[in-house]
Amino acid sequence: MQNFDLADYLLQHLNQGGALPQNRQLYRLIRQAILDKILPIHSRLPASRELAREMGIARNTVMYAYEQLIAEGYLHTRKGSGSFVADTLSETLLNPGQKKRSKKTDGDSVPSSSITPPALSKRGNKLVAQAGAAAQQWGAFVPGVPDVSQFPYAVWNKIQSKLWRKPEISSLTYSQGGGLPALRVAIADYLKGARSVVCEPEQIIITNGTHQSIDLCLRLLSDPGDIAWIEDPCYWGARNLLLASGLQLRPIAVDAEGMNPKDEDKKVVQRFIFVTPSHQYPLGMVMSLSRRRSLLEYAAHYGSWIIEDDYDSEFRYKGRPLACLQGMDSAERVLYMGTFSKTMFPGLRLGYLVVPPGLTPAFITGMEELYRSGQETLQACMAEFMRLSYYHAHIRRMRLLYGTRLERLQNEIKRHFPKGEVQATGSDAGLHLTLRLPAHCKDQEIAKAALKQGIASRALSSYFHSTEQAMAGLVLGYASVSEDEIITAFAKLAAVIREHLSMKITANAV
Ligand SMILES: Cc1ncc(COP(=O)(O)O)c(C=O)c1O
């Protein structure tokens with residue numbers, strides 16, 4: 001115990017516990033460490049402030065875990081001297097195996113649910129094993145998060161208060177018909193103008209975000225075993241939903257023109273093609289016109305569904321974006337997904353699908369049957385926010401702000417690495433850039449070491465399907481980070497990267 005470093009142990013195991021919030025994960029990990037006697041009876045835990053600092057996480061997170069463990073009797077506190085593993089823990093908890101043997105003689109006892117994880121289905125196991133959601137959703141350099149502190153909540157509050165003064169009775173019951181008509185109209189108008197989507201309001205299905213949109217598509221259009229082309233690398237969320245739905249994934253490499261299927265890929269008929277053509281996630285390239293045409297031709301010929309994830313193209317800093325794929329589709333094979341997570345704030349949980357006219361009735365029924373939709377007052381607020389042009393104004397303002405932050409980060413990268421040891425790519429649009437590292441760099445170790453310093457990022461290699469294809473790098477979100485913070489946070493990150501760059505040099509020199 002004397003040499004046991006709790007912070008190190010917890011950092012190693014954090015984020016292996018599925019999509020649980022960080023404070024719950026911490027609670028579970030410490031509890032398990034007590035049950036496994038890694039933390040023996042009477043041992044003293046570090047002060048919450050100290051543990052939080054060592055792990056680079058919020059003190060509240062640690063305090064939550066400690067308080068929960070105290071409430072459950074795993075820990076006790078002694079005034080002025082800290083938290084200790086309780087000496088009152090029953091043998092039943094500490095020796096689950098013994099309990100099993102002594103109570104039952106047939107060896108068929110049911111293990112305590114507090115010790116043994118519940119038996120999940122095959123699908124559940126796949127989902128939990130692949131879990132990708134990060135514990136930290138704010139701060140330098142969490143990818144994909146907008147600056148929610150800049151959201152005009154006074155305006156939002158005004159609209160919402162007005163709506164709540166005398167809400168429509170229908171908006172307080174279940175939602176029907178694919179969402180609030182006023183919002184479907186506002187979204188259709190917006191998409192026609194801003195993204196060249198060809199649609200009528202009737203084709204818009206309001207969801208609570210891209211994850212629900214994907215889930216709805218899969219539940220209505222897929223059967224287990226169906227094959228899906230998916231970009232390599234790709235968004236972890238799409239990959240995990242597909243796997244959990246029992247689809248077979250066929251990773252397709254991307255090059256400078258986007259997804260690049262080979263002839264042998266085309267020999268097997270695909271049910272789905274998942275793409276991010278406007279801003280490949282996470283590498284950032286725009287799919288070329290010829291690739292778009294050939295994907296559409298393929299889908300029309302074989303009857304595949306193209307699921308287009310247009311998640312952040314409102315924020316484009318260079319050049320004009322190509323129109324979306326959906327706008328070029330004359331065979332009704334494209335389902336277009338959009339989200340308000342980037343343009344408004346992720347906690348809003350509002351997104352939308354644009355489905356071909358022939359699929360609209362089934363999708364509306366699917367929403368009603370699967371999710372028993374609601375939130376019409378929220379949708380009404382969003383519709384008003386758009387109708388009164390606050391949405392456009394907010395996007396314009398954020399585009400300027402994010403543009404300056406992007407420039408700052410690019411400058412810091414050049415300043416710390418003037419010889420081009422690392423390269424920023426994919427930064428013409430969106431809320432993140434990709435920092436490419438030399439192939440020998442272990443990006444997952446760098447990300448872990450940076451997290452200890454309070455800097456969040458995602459290892460680029462973790463987005464790839466196979467380790468052979470994986471590139472080393474870091475995906476860095478800059479939109480939610482002030483310019484000052486970019487300077488200080490990147491200095492810390494640069495120091496960690498340097499250490500790893502020089503590891504190779506030292507190793508070669510020996
Ligand atoms: C590629 C991609 N698509 C979609 C989303 C947004 O998902 P949602 O609308 O569920 O918040 C994200 C979020 O990070 C993303 O990276």
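Every number for a ligand or one of its atoms is a count from 1 in the order of the listing.
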At what distance, to the nearest 0.5 angstrom, does CZ of R219 lie from CD of E369?
12.0 Å

R349 neighbourhood, listing ligand 1 atoms whose heavy-atom distance to it stays under 4.0 Å
8 (P), 10 (O), 11 (O)

Does M337 approach ligand 1 within less than 4.0 angstrom via side chain, backbone, both or neither, non-hydrogen atoms only?
neither

Cationic N near anionic O, under 4.0 Å, R458 to D443:
no

Name the one of H279, H432, H211 that satisfies ring pair (Phe, Tyr, Trp, His ring centres under 6.0 Å) with Y235?
H211

Quick one: sort the Y463 and Y281 rings into parallel, tilted or perpendicular, breaks at 30° and 60°.
perpendicular

For atom 6 (C) of ligand 1, the protein heavy atom that lies nearest, with its residue and separation
T210 OG1, 3.6 Å

Before accepting this row, confirm whether a basic side-chain N of the pair R387/E384 lies closer than 4.0 Å to the acidic partner's carboxylate O.
yes

Could you list the atoms of ligand 1 found under 4.0 angstrom from a heavy atom of D309?
1 (C), 2 (C), 3 (N), 4 (C)

K342, portion touching ligand 1 at heavy-atom distance under 4.0 Å:
side chain

R372 charged N/C atom sitting above Y174 aromatic ring, 6.0 Å / 45°
yes

NZ/NE/NH1/NH2 to OD/OE distance under 4.0 Å, E297 and R293
no

Backbone or side-chain N or O of H211 under 3.5 Å from ligand 1 N or O
yes

Numbering the atoms of ligand 1 from 1, which are under 4.0 Å from a heavy atom of G209?
9 (O), 10 (O)

The option among F274, Y235, F340 carrying the non-hydrogen atom nearest to atom 12 (C) of ligand 1 is Y235

Which residue owns the protein heavy atom closest to atom 11 (O) of ligand 1, what's the atom, and how far is it?
S341 OG, 2.7 Å

